[in-house]
> 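Please find one structure pasted underneath; my questions will follow.
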Protein chains: 2
Amino acid sequence: MAIVRKTKSVHTLLEVMKQAGEALSVVDLVNRLDQEMNKTTVYRILDRLEDEGLLHSFQGKDGLKWYAQCQDCSTEHHTDMHPHFQCVQCGKTTCLPLEVTIPKVPNVKIQSASLLLTGLCEECLT
Amino acid sequence: MAIVRKTKSVHTLLEVMKQAGEALSVVDLVNRLDQEMNKTTVYRILDRLEDEGLLHSFQGKDGLKWYAQCQDCSTEHHTDMHPHFQCVQCGKTTCLPLEVTIPKVPNVKIQSASLLLTGLCEECLT
DNA sequence: CTCTTATTGCAATTAAGTTGCAAAAGTAAA
DNA sequence: TTTACTTTTGCAACTTAATTGCAATAAGAG
């Protein structure tokens, strides 16, 4: 695995993720960081941070790639699996701190699982 | 809901899905049907068939949209949810005839859930 | 400081998915 | 089967997420 330097760009990106406190799509991140860095850089840093295990990604229902930072994320704990929730109205997307029981499937070797729940969040319900 | 006519194109597409016997990505479908119809038509027919409930779709880990036909699919039974398995080596993707327990999340209204399992299929394991 | 390696910006490219519009095909009623 | 109307299709152009090549810059080790 390539060495990931904690450059200024990396720090800025992680800070934006932390401030957001929820999952962000790559498109959203590119927009938020438009003044700070090039979009190619955003894509590349996200790749590296995911390799390192500092972020994890999943495919949104919108076809976009989403990234999130969570407590469980680390290089060792990479296969860890938790569901995500995406509000169909406001788009807010969060990691759910829940254990998911992965169904047993005979004759295959499961390497990863991703569970995406969609619906209406608390704020959009009221 | 618009009326979906069983045109020749619709029939051909459904036949290809049936022959495949597994989930197919839109890109794959467009290629397989290249001689028979335009790619725009493939996209539009898939949309309509999903509305009608004859097919269901999900986002693959590759970022592509995948479609599958299954026994459970019908207009009435639209919110039905089952997991999919995608082999990382050969790409074979199938519906798993399993019930999935959707975790209870407080204060939100879950409308849909999609569970994608990835790993190695029986053939690629041996 | 100097050498080496990793990172970044920029422009161009690839590829998935969408849109507008005119032509063709299907449906129903006379 | 002719006519009138609606849905479907093909085609070309377009939008946009994601990738690539290359030169320039920044970081780290000695």
Side-chain angles (χ1 to χ4, degrees), chain A residues 1-17 23-68 75 84 86 88 91 93 114 116, chain B residues 1-17 23-68 75 86 91 93 114 116:
Chain A
M1 190 191 299
I3 298 154
V4 179
R5 287 177 178 153
K6 288 285 159 47
T7 59
K8 190 175 178 183
S9 295
V10 169
H11 185 267
T12 306
L13 193 151
L14 283 173
E15 194 56 34
V16 169
M17 293 291 306
L24 297 175
S25 70
V26 182
V27 172
D28 190 357
L29 272 166
V30 167
N31 288 334
R32 293 187 190 213
L33 293 164
D34 187 45
Q35 303 304 312
E36 284 79 15
M37 70 194 80
N38 189 271
K39 82 173 172 175
T40 311
T41 305
V42 176
Y43 278 94
R44 287 193 280 220
I45 290 178
L46 290 171
D47 270 358
R48 282 185 272 142
L49 290 176
E50 188 175 18
D51 275 352
E52 255 206 346
L54 293 176
L55 297 177
H56 63 272
S57 73
F58 56 95
Q59 288 294 134
K61 225 188 176 181
D62 45 19
L64 300 181
K65 198 168 186 180
W66 290 69
Y67 281 87
T75 315
H84 295 94
Q86 192 161 34
V88 294
T93 304
S114 75
L116 181 65
Chain B
M1 187 191 301
I3 299 155
V4 179
R5 289 177 175 152
K6 289 284 160 47
T7 60
K8 191 174 178 183
S9 294
V10 169
H11 186 267
T12 306
L13 194 152
L14 283 173
E15 193 57 34
V16 168
M17 293 291 305
L24 297 176
S25 70
V26 182
V27 173
D28 191 355
L29 271 167
V30 167
N31 287 334
R32 292 186 191 213
L33 293 164
D34 187 45
Q35 303 305 312
E36 284 79 15
M37 69 194 80
N38 188 271
K39 84 172 172 175
T40 310
T41 305
V42 175
Y43 278 95
R44 288 194 279 222
I45 290 178
L46 289 171
D47 270 358
R48 282 186 273 142
L49 290 176
E50 188 174 20
D51 274 353
E52 255 207 345
L54 294 177
L55 297 177
H56 63 274
S57 73
F58 56 96
Q59 288 293 133
K61 226 189 177 181
D62 44 20
L64 300 182
K65 197 167 185 181
W66 289 69
Y67 280 88
T75 316
Q86 192 161 34
T93 304
S114 74
L116 180 65

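Per chain, numbering begins at 1; letters A, B, ... match sequence-line order. Side-chain atoms are counted along with the backbone in the values below, which use heavy atoms only and exclude waters and symmetry mates. It should be emphasised that the depicted structure is a prediction, and the values quoted were computed from it without experimental measurement.
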> Could you state the CG-C1' distance from A:Leu46 to C:dT7, rounded to the nearest angstrom?
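Atom-to-atom, A:Leu46 to C:dT7, this comes out as 15 Å.
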> Please report, rounded to the nearest Å, how far the P atom of D:dG10 is from the CG atom of B:Leu13.
12 Å
> Less than 4.0 angstrom between a side-chain N/O of B:Thr7 and OP1 or OP2 of D:dT8, yes or no?
no
> Is B:Arg48 close enough to D:dT8 that one of its side-chain N or O atoms is under 4.0 Å from OP1 or OP2 there?
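The answer is yes; a side-chain N or O of B:Arg48 sits under 4.0 Å from OP1 or OP2.
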> So, do A:Asp62 and B:Gln59 sit near enough that their side-chain heavy atoms are less than 4.5 Å apart?
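Counting from C-beta outward, A:Asp62 and B:Gln59 never come under 4.5 Å.
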> Short question: side chain of A:Gln86, backbone of A:Gly60 - any donor-acceptor pair under 3.5 Å?
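Here the side-chain-to-backbone pair does not exist.
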> Between A:Thr12 and A:Glu36, does any side-chain donor sit less than 3.5 Å from a side-chain acceptor?
no
> Taking C-beta and beyond as the side chain, do A:Ser9 and A:Ile45 meet within less than 4.5 Å on heavy atoms?
yes
> How long is the line joining CG of A:Asp47 and C1' of D:dT19, in whole Å?
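To the nearest whole Å, that distance equals 10 Å.
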> Taking N and O atoms by type only, does the side chain of B:Lys65 place a donor or acceptor under 3.5 Å from a partner on the base of C:dG17?
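Flag unset: no donor-acceptor pair detected.
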> With no angle test and no hydrogens, is the base of C:dG9 tied to the side chain of A:Arg44 by a donor-acceptor pair under 3.5 Å?
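When only heavy-atom distances are counted, A:Arg44 does reach the base of C:dG9 through a donor-acceptor pair under 3.5 Å.
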> Nearest whole angstrom, please: distance from the P of D:dT16 to the OH of B:Tyr43.
16 Å
> Without decimals, in angstroms, what is the distance between B:Lys39 NZ and C:dA16 P?
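Whole-Å distance recorded here is 8 Å.
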> Select base, sugar-phosphate, or nothing to describe what A:Val27 touches, counting heavy atoms under 4.0 Å on all strands.
sugar-phosphate
> Could you state the CG-C1' distance from B:Leu49 to D:dT7, rounded to the nearest angstrom?
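So the two atoms are 14 Å apart, to the nearest Å.
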> A side-chain contact here means heavy atoms from C-beta on lying under 4.5 Å apart; do B:Leu54 and B:Arg48 qualify?
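No - every pair of side-chain heavy atoms lies 4.5 Å or more apart.
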> Specify the separation, in whole Å, of atom CD of B:Gln59 and atom P of D:dA18.
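So the two atoms are 11 Å apart, to the nearest Å.
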> Counting only side-chain heavy atoms from C-beta out, which of C:dG9, C:dG17, D:dT9 sits nearest to B:Ile45?
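Of the options given, the side chain of B:Ile45 lies nearest D:dT9.
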> Could you check how far CE of B:Met37 sits from C1' of C:dA25, rounded to whole Å?
15 Å
> Checking all strands, does B:Thr40 fall into the base, sugar-phosphate, or nothing category for heavy-atom contacts under 4.0 angstrom?
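Since a base atom lies under 4.0 Å of B:Thr40, the category is base.
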